[in-house]
Amino acid sequence: MEIASKYDPQNIEEKWYQYWIEKHLFESSPNNKEPFTIVIPPPNVTGVLHMGHMLNNTIQDVLVRRARMRGYNAVWVPGTDHASIATEAKVVAMLKEKGIDKRSLSREEFLKYAWEWKEKYGGIILKQLRKLGASCDWERTKFTMDPEMSEAVTKVFVDLYNKGKIYRGVRMVNWDPKALTAVSDEEVIYHEVQSKLYYVRYKIEGTENEYVTIATTRPETILGDTAICMHPDDERYKHLRGKRAIVPLVNRSIPLIFDEYVDREFGTGALKITPAHDINDYNLGIKYKLDTINIFNDNGTLNESAQFLVGVDRFEARKQIIPLLEAAGNMVKIEDYTNKVGYSERTNEVIEPKLSLQWFCDMASLAKPALDVVMDDEIKFYPEKFKNTYAHWMENVKDWCISRQLWWGHRIPAYHLPNREFVVAESKEAAYKLATEKYPELNLTMDDLKQDEDVMDTWFSSWLWPISVFDGIRNPDNKEVNYYYPAAVLVTAPDIIFFWVARMIMAGLEWRKSIPFRHVYFTGTVRDKQGRKMSKQLGNSPDPIMLMDKYGADGVRLGMLLCSPAGNDLLFDESLCEQGRNFNNKIWNAFRLVKGWEIDENGAQPSHAATAVRWFNARLNDALAEINDHFEKYRLSDALMAIYKLIWDDFCSWFLELVKPPFQKPIDGKTYSEIIDIFEKLMLVLHPFMPFITEELWHNLRERGEGESIMTATMPEADSRRETELIERFANTQKVIENIRRIRAEKNIPQKNAISLSVLKSSADADSEMDAVISRLCNVEAINYVNEKPESAVSFIEMNTEYFVPFVQSAEEKEKELVKLNADLAYAQKFLESVKRKLANEKFVNGAPEQVVAIERKKQADAEEKIRILNEQIARLK
RNA sequence: GGGAGCUUAGCUCAGUUGGUUUAGAGCAUCUGCCUUACAAGCAGAGGGUCAUAGGUUCGACUCCUAUAGCUCCCACCA
């Protein structure tokens with residue numbers, strides 16, 4: 001059989017994914033096994049796969065595949081999120097390109113376009129996940145705006161409203177003038193920006209030439225000023241009490257007020273108050289019953305109330321008002337200034353504080369139990385440090401603005417009545433019933449009920465995800481939700497800990513009276529090599545699909561996981577995928593080697609091969625325990641590295657080299673079948689990380705039945721019995737072999753030239769088992785146990801035993817060797833001194849545990865022995 | 001302004017309750033090899049005053065304090 005020397009992932013990966021789908025291997029339904037549930041953090045329905053998804057979903061796939069192989073009934077529920085703002089923005093942009101203005105459309109018309117768009121582009125990301133190898137149960141794919149999912153959202157809204165936890169009111173909210181909607185506090189991102197601080201003077205009413213000067217970063221809002229505020233104890237302004245000032249340009253008379261809120265140190269100590277456009281000013285406005293003048297339109301342009309610059313955008317107005325103020329003699333000076341400005345997470349537009357009528361969800365009562373379950377470790381966070389972040393937010397949680405002035409999303413189930421009242425119900429019919437009962441005097445018809453125009457924040461559906469994907473809101477006692485809920489683990493990014501994680505916990509406790517998942521694994525942020533976040537603007541994000549085409553999905557998965565310690569950011573570099581691809585190739589070639597052998601069923605097993613098998617199985621057992629430990633702590637990259645080294649070093653470099661039959665000779669049947677067993681186990685252990693190549697080789701190692709898959713094979717588990725002694729003996733042998741190889745390299749003794757090895761040691765202490773290993777790997781024809789040091793030989797020390805390789809050294813070589821030996825001697829002596837010092841210290845000998853002292857004494861004896869041998873070696877060379 | 005975390009080899013990171021650690025791994029680097037599984041490879045080698053300064057201790061990469069630098073989160077100083 002001719003097998004290519006380079007592994008080609010393309011066809012193999014496609015073939016097996018197809019196979020898994022056809023054989024329904026990803027699918028799960030409740031049975032008597034223990035469930036292991038993961039629900040995907042639903043990506044935006046119109047999104048495309050980026051590196052963050054790659055990391056996140058690779059991790060989920062590793063966890064779910066491993067659980068499946070360990071006998072759990074594992075399910076990974078996929079789906080997408082309707083992503084209200086983002087999707088609506090995309091649809092608006094798409095319409096604009098077609099020359100259609102959203103405002104010219106009715107709600108129904110717009111939604112028709114939006115759904116068309118969703119059908120066309122939605123779910124691309126789910127297809128991309130298949131390329132990655134994601135073992136999602138696609139039959140369960142959910143979308144947050146599926147009819148059943150939407151019903152659940154409505155139900156929950158009504159429930160909360162009836163419990164008094166949802167209310168409607170006029171509040172200062174974060175307004176996105178681009179998306180034309182309110183957004184929640186969590187959706188505002190603050191950036192530091194270079195701006196200006198403008199000092200503007202306002203004339204004191206009734207004086208000729210008396211002014212008060214304020215400092216502001218937003219001079220355009222002067223047009224909406226309704227007061228000026230100073231600190232009550234500020235000596236500079238005491239004389240102004242009870243007076244009024246004139247707003248520049250608009251010549252409005254406004255009161256001077258005094259409040260401790262003002263920082264006397266900042267600017268001039270006088271603050272202009274614009275209650276309609278600043279949250280602090282708004283609060284002062286309430287306190288002092290000030291007028292509120294809204295000077296902005298919803299899109300951020302100035303309106304009639306501003307009187308000046310009407311129709312001009314707020315930033316343009318900021319520029320244009322300067323000459324006006326200068327001309328009026330009110331501009332005092334302009335300074336450079338750095339301040340923080342809030343931007344909308346979705347549109348990157350500067351947020352405008354705006355007073356508006358919105359729906360809010362009262363969070364305090366939901367937060368308390370959700371805080372407790374995390375603090376008590378009923379839900380465990382990995383890494384744990386996020387508990388702090390979580391606690392801080394939960395303890396200071398504010399009410400959640402849940403209404404959005406958008407069309408794409410779940411419409412608020414409130415129905416307004418002609419009498420300006422409203423009712424909240426799950427359907428228009430139910431609302432009608434409720435309304436007629438409540439207001440029989442109105443003689444309502446269905447047409448009198450007008451549903452609220454707003455939709456809900458996207459997260460108001462996402463927070464139900466772990467429940468609603470199993471229909472647990474509408475049918476709280478159904479078989480599925482009872483079986484799969486709660487999820488075993490949630491894998492997500494820390495930046496949505498408040499948006500999503502916290503709220504899912506609240507929702508789980510509120511509607512199912514239990515936690516939604518037991519563990520939360522927070523991944524890091526994927527950054528580029530310079531540590532910058534990957535972003536479209538920077539263009540530093542590689543396209544995952546191209547990476548997978550180039551290196552194979554297995555290769556990219558490995559590349560991602562090699563650099564992803566839990567919770568730490570990972571600096572991604574394409575070379576890591578190369579490492580992954582190389583690993584594929586290494587495994588592939590190991591397989592080629594094994595498959596290339598001729599088998600002699602009756603051949604006797606050589607002793608070195610028997611040793612190799614015994615040793616490798618012991619090593620594998622150790623590794624399994626280590627891997628298990630890493631998994632329990634969610635240290636996936638450590639687990640992967642353990643497997644990587646097990647395969648590359650222990651299996652390929654040591655084991656296979658040792659069992660390899662002589663050139664063109666057959667291998668004995670016993671060893672061969674043991675090798676296949678081991679190879680198979682390695683594929684099983686690696687499978688969660690590299691699903692494709694492991695499936696391919698698993699099928700090639702043995703005949704498999706129809707429909708069989710490594711996916712459903714049983715993961716090898718560690719045996720509690722450890723063969724420490726064998727592993728140690730082998731490790732010492734490895735060191736001896738490395739020494740011989742070093743000497744061969746240094747002295748240019750080719751591998752094909754057989755050598756003999758002398759050991760200064762009684763033959764009674766010989767380890768013939770390991771001697772066979774040395775002979776095999778180093779081409780040693782004879783190992784002699786001697787009492788006398790041989791002449792003309794190069795020596796080395798291992799475990800305080802001296803070994804000799806016959807070799808006539810030149811004077812120059814001897815000189816070099818001497819230098820090295822002297823360096824070793826100096827090191828050993830220094831080491832001995834430090835150990836002796838320690839042992840001479842009475843406090844140490846008395847204070848330290850007996851065991852520790854014993855170790856030190858052993859160190860001393862070993863060091864002394866080593867020095868003795870080194871001295872002998874040096875004497876001999878001289 | 002408040003809080004959390006980080007700082008160990010050129011890079012990315014391990015280092016579990018202080019004591020088999022004058023510190024490990026992977027990658028990268030250097031040297032020698034196209035040795036018929038693999039040059040996407042093999043064999044070998046070099047490389048670190050564990051951020052800095054103190055302290056606790058018989059003993060500190062590990063505990064404490066301060067300092068510096070970095071990262072993240074939170075917060076209404078115009």
Side-chain angles (χ1 to χ4, degrees), chain A residues 3 5-7 172 190 197-198 214-218 221 229 261-263 265-268 270-274 278-283 337 339-340 342 353 383 385-390 392-393 396 494-495 497-498 525 529 531 551 555 562-565 567-573 575-576 578-597 629 633 635 637-638 641-642 644-645 648 652-653 656-657 660 663-664 738 741-746 748 750-752 827 830-831 834 838 841-849 851-856 858-859:
Chain A
I3 313 171
S5 73
K6 298 254 188 296
Y7 174 67
M172 188 63 100
Y190 290 88
L197 193 57
Y198 303 88
I214 57 89
T216 180
T217 54
R218 300 198 60 188
T221 62
C229 187
Y261 165 74
V262 176
D263 176 5
E265 306 302 313
F266 190 90
T268 60
L271 171 66
K272 72 184 211 59
I273 305 297
T274 323
D278 183 281
I279 177 70
N280 304 303
D281 293 9
Y282 172 68
N283 290 334
Y337 185 65
N339 66 334
K340 290 210 165 171
K385 66 178 176 185
F386 289 109
K387 269 170 87 170
N388 292 325
T389 315
Y390 182 81
H392 184 262
W393 190 74
N396 297 284
D495 51 346
I497 186 169
F498 310 132
T525 308
K529 236 189 160 179
Y551 301 102
L562 278 172
C563 63
S564 57
N568 277 359
D569 285 357
L570 55 116
L571 306 187
F572 180 82
D573 188 68
S575 67
L576 290 160
E578 209 173 301
Q579 196 184 340
R581 180 200 58 184
N582 293 356
F583 188 46
N584 269 308
N585 210 42
K586 183 72 185 175
I587 298 167
W588 181 251
N589 278 294
F591 168 73
R592 270 209 321 146
L593 172 70
V594 171
K595 272 289 152 180
W597 291 327
D629 185 50
K633 293 168 183 154
R635 298 163 66 137
S637 62
D638 289 330
M641 187 47 72
Y644 180 88
K645 285 195 279 192
W648 200 305
C652 293
S653 299
L656 287 181
E657 288 301 329
K660 196 191 244 179
F663 185 48
Q664 290 191 335
E738 275 158 13
R741 282 174 177 164
R742 182 174 49 78
I743 288 167
R744 275 188 181 275
E746 279 172 9
N748 278 318
Q751 175 70 16
K752 59 176 180 257
Y827 183 91
K830 215 176 142 197
F831 180 71
S834 81
K838 220 175 200 179
N841 187 337
E842 259 178 59
K843 282 179 181 170
F844 169 71
V845 179
N846 298 331
Q851 213 182 335
V852 174
V853 178
I855 288 162
E856 290 302 313
K858 173 109 181 16
K859 275 196 208 166

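Hydrogens, waters and symmetry mates play no part in the numbers below; they use all other heavy atoms, side chains included. Chain A is the first sequence line, chain B the second, and so forth, proteins listed ahead of strands; every chain is numbered from 1.
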Where protein sits on nucleotides 18-27 of chain B, one letter per nucleotide: B base, S sugar-phosphate only, - none, heavy atoms under 4.0 Å: -BS-BS-SSS
Nucleotide-resolved protein contact map, nucleotides 71-78 of chain B, B/S/- at heavy-atom distance under 4.0 Å: -SSSBBBB
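Among the heavy atoms of the strands lying under 4.0 Å from Asn585(A) is at least one base atom, whether or not backbone atoms are also near. Heavy atoms of Lys858(A) sit nowhere under 4.0 angstrom from any nucleic acid atom.
A gap of 16 Å separates the C1' atoms of rG15(B) and rC6(B), to the nearest Å. rG26(B) and rA43(B): their P atoms are spaced 12 Å apart (whole Å). Rounded to whole Å, the C1' atom of rC50(B) lies 27 Å from the corresponding atom of rG44(B). If you take atom C1' in rC61(B) and the same atom in rA9(B), they sit 14 Å apart, rounded to whole Å.
Taking 3.5 Å as the limit, the base of rA43(B) and the side chain of Arg741(A) contain no donor-acceptor pair of atoms between them. Judged by distance alone with a 3.5 Å cut-off, no donor-acceptor contact links the side chain of Glu738(A) to the base of rA45(B).
Take Asp629(A) and apply the side-chain contact (heavy atoms from CB on, under 4.5 Å) test, not counting sequence neighbours, and it matches Lys633(A). Under the rule for a side-chain contact (heavy atoms from CB on, under 4.5 Å), the partners of Thr389(A) that lie at least two apart in sequence or sit in another chain are Phe386(A), Phe498(A). The ring pair (Phe, Tyr, Trp, His ring centres under 6.0 Å) test applied to Phe572(A) returns no partner, not counting sequence neighbours. With sequence neighbours excluded, the residues satisfying side-chain contact (heavy atoms from CB on, under 4.5 Å) with Gln751(A) are Arg744(A), Asn779(A). Contacts of Met172(A) classified as side-chain contact (heavy atoms from CB on, under 4.5 Å), with partners at least two apart in sequence or in another chain: Ile279(A), Tyr282(A), Pro353(A), Leu355(A). Phe266(A) pairs by the ring pair (Phe, Tyr, Trp, His ring centres under 6.0 Å) definition with Tyr337(A), not counting sequence neighbours. With sequence neighbours excluded, no residue satisfies side-chain hydrogen bond (donor to acceptor under 3.5 Å, both in side chains) with Lys838(A). Residues forming a ring pair (Phe, Tyr, Trp, His ring centres under 6.0 Å) with Tyr551(A) (at least two apart in sequence, or on another chain): none. Scored by the ring pair (Phe, Tyr, Trp, His ring centres under 6.0 Å) test, Phe844(A) finds no partners at all (sequence neighbours excluded).
In this model, the phosphate group of rC42(B) is not approached by any side-chain N or O of Arg744(A) to a distance below 4.0 Å at OP1 or OP2.
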Strand RNA chain B in bracket notation, Watson-Crick/G-U under 3.5 Å with | for pairs to another chain: (((((((..((((.....[....)))).(((((.......))))).....(((((..]....))))))))))))....
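For Arg592(A) and Asn589(A), the side-chain atoms include at least one donor-acceptor pair closer than 3.5 Å.
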